[in-house]
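For reference, the structure discussed in these notes is given below.
Numbered from 1 within each chain, the chains take letters A, B, ... in sequence-line order. Everything numeric in this text was worked out from a predicted model, so none of it was measured.
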2 protein chains.
Amino acid sequence: MSTMTTASPDALAQRLADSGLRSTPQREVIYDVILRKRDHPTADEVYARVRADMPSISLATVYNCLETLVQCDLVRAVNFERAPTRYCPNLHPHAHFHDEQSGSIHDIQLPAELLEKISSVLPAGYDAKSLQITFRGKAQPAA
Amino acid sequence: MSTMTTASPDALAQRLADSGLRSTPQREVIYDVILRKRDHPTADEVYARVRADMPSISLATVYNCLETLVQCDLVRAVNFERAPTRYCPNLHPHAHFHDEQSGSIHDIQLPAELLEKISSVLPAGYDAKSLQITFRGKAQPAA
DNA sequence: GCAACAAATTGGAATGGTTCTAAGTAGCAA
DNA sequence: TTGCTACTTAGAACCATTCCAATTTGTTGC
């Protein structure tokens, strides 16, 4: 199926190959760690999780691999304020809700219809390649 | 008139007083510099502009004063990716368009109706205090 | 399998925007 | 004045990230 947007673990080698890159143990474990727990870890958090499986990995490699995964469109990098970059395995278009109390990030589904409406506010001559929508506030844990 | 959202230069002293803060020459000149040229300068750019009027000011003070102005809701701080924070004198709700070629930021007016629609996608329990919308792409200079 | 080349990883140093700190200055209150 | 507090200042510290130079790993052609 060619239209899937959430890649399976195997997709990694393929995507890398498509870009002329190699599938390495480091890239595999990092990708795996991000898919396993579908939250929004920072590079440091990824580093911590990966070291459980691969204690010898370096932080520089974590940064390098995350950058590679972002280039290959396998994960997305998101920034909130000036906090450390977070990495997001959700490749569908969506907004983020940043909970100020807990610091946690929640994905917010966006209807395609709304995305169109938002893009349509751009004046002529503006060609948007990407759109980032971030809410900030209080989120009560869902019952 | 109590509903104006773009403050006049005089509003500075009032707003500061409301928060129990003093109006200082440094705060005045920084606020003035930001209102004068309505773009999205970084702290460094503000520092450069302010030094024309007040050569002895320090960068730390520029950061301090900008922070104060943000607290008093006289300017807004906006972040793009991990680039230096920019300061925005436009207090109306609006989106930003980040032109990848020139690096410049353009304000995009948002209809109130659209803002409501966007906020309405939040599930129950999510209480958003602020909303940031950023486009990224190519902008042709308007004719 | 081996040489040769390219890609990837590594630790540590460097970078750069921002914040912190401790000292000095300035304005207000008794 | 004497104090008190707010504010400014220079420089050090911070910290996420990137850079660098050296090594390791993988791949390709023989």
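Taking atom CD on A/Glu45 and atom P on D/dA16, their separation rounds to 11 Å, with Å as the unit. In this structure, B/Glu67 atom CD and D/dA6 atom P are separated by 16 Å, rounded to whole Å.
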Verdict with supporting geometry, B/Asn90 and B/His40, side chain to side chain donor-acceptor pair (under 3.5 Å): CA-CA 9 Å; B/Asn90 182 352; B/His40 301 78; over 6 Å; no
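Each of A/Arg82 and A/Thr68 has a nearest nucleotide on DNA chain C; the 5'-most of these lies closest to A/Thr68.
Minimum heavy-atom separation, A/Cys72 to A/Arg15: O-NH1, 2.8 Å. The minimum heavy-atom distance between A/Leu12 and A/Arg27, with the atom names listed, is CD2-O, 3.8 Å. In this structure, A/Pro84 and B/Arg82 approach most closely via the heavy-atom pair CA-NH1, 3.8 Å.
No contact: B/Thr42 has no heavy atom under 4.0 Å from any strand.
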For a quick test of your reading: what N or O donor-acceptor pairs under 3.5 Å do the side chains of residues 59-71 of chain B make, sequence neighbours left out?
{"from": "B/Thr61", "atom 1": "OG1", "to": "B/Ser58", "atom 2": "OG", "distance (Å)": "3.0"}
{"from": "B/Asn64", "atom 1": "ND2", "to": "B/Ala60", "atom 2": "O", "distance (Å)": "3.3"}
{"from": "B/Glu67", "atom 1": "OE2", "to": "B/Gln71", "atom 2": "NE2", "distance (Å)": "2.3"}
{"from": "B/Thr68", "atom 1": "OG1", "to": "B/Asn64", "atom 2": "O", "distance (Å)": "3.0"}

Run the side-chain donor-acceptor check on residues 110-123 of chain A: report pairs under 3.5 Å with partners two or more places apart or on a different chain.
{"from": "A/Glu113", "atom 1": "OE2", "to": "A/Lys117", "atom 2": "NZ", "distance (Å)": "2.6"}
{"from": "A/Ser119", "atom 1": "OG", "to": "A/Leu115", "atom 2": "O", "distance (Å)": "3.2"}
{"from": "A/Ser120", "atom 1": "OG", "to": "A/Lys117", "atom 2": "O", "distance (Å)": "2.6"}

Find every protein N or O atom lying less than 3.5 Å from an N or O atom of nucleotides 7-12 of chain D, and list the pairs.
{"from": "D/dC7", "atom 1": "OP1", "to": "B/Arg22", "atom 2": "N", "distance (Å)": "2.8"}
{"from": "D/dC7", "atom 1": "OP1", "to": "B/Arg27", "atom 2": "NH1", "distance (Å)": "2.8"}
{"from": "D/dT8", "atom 1": "OP1", "to": "B/Thr24", "atom 2": "OG1", "distance (Å)": "2.6"}
{"from": "D/dT8", "atom 1": "OP1", "to": "B/Gln26", "atom 2": "OE1", "distance (Å)": "3.3"}
{"from": "D/dT8", "atom 1": "O3'", "to": "B/Gln26", "atom 2": "NE2", "distance (Å)": "3.2"}
{"from": "D/dT9", "atom 1": "OP1", "to": "B/Ser56", "atom 2": "O", "distance (Å)": "3.4"}
{"from": "D/dT9", "atom 1": "OP2", "to": "B/Ser58", "atom 2": "N", "distance (Å)": "3.3"}
{"from": "D/dT9", "atom 1": "OP2", "to": "B/Thr61", "atom 2": "OG1", "distance (Å)": "2.5"}

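Checking the phosphate oxygens (OP1, OP2) of D/dT17, a side-chain nitrogen or oxygen of A/Tyr63 falls inside 4.0 Å.
From the 5' end on, the contacts that DNA chain C makes with chain A at under 4.0 Å to a non-hydrogen atom open and close at C/dA6 to C/dT18.
Partners of B/Arg76 under the salt bridge (Lys or Arg N to Asp or Glu O under 4.0 Å) rule, at least two apart in sequence or in another chain, do not exist in this structure. Considering only residues two or more places apart in sequence or on other chains, A/Arg49 meets the side-chain hydrogen bond (donor to acceptor under 3.5 Å, both in side chains) condition with A/Asp39.
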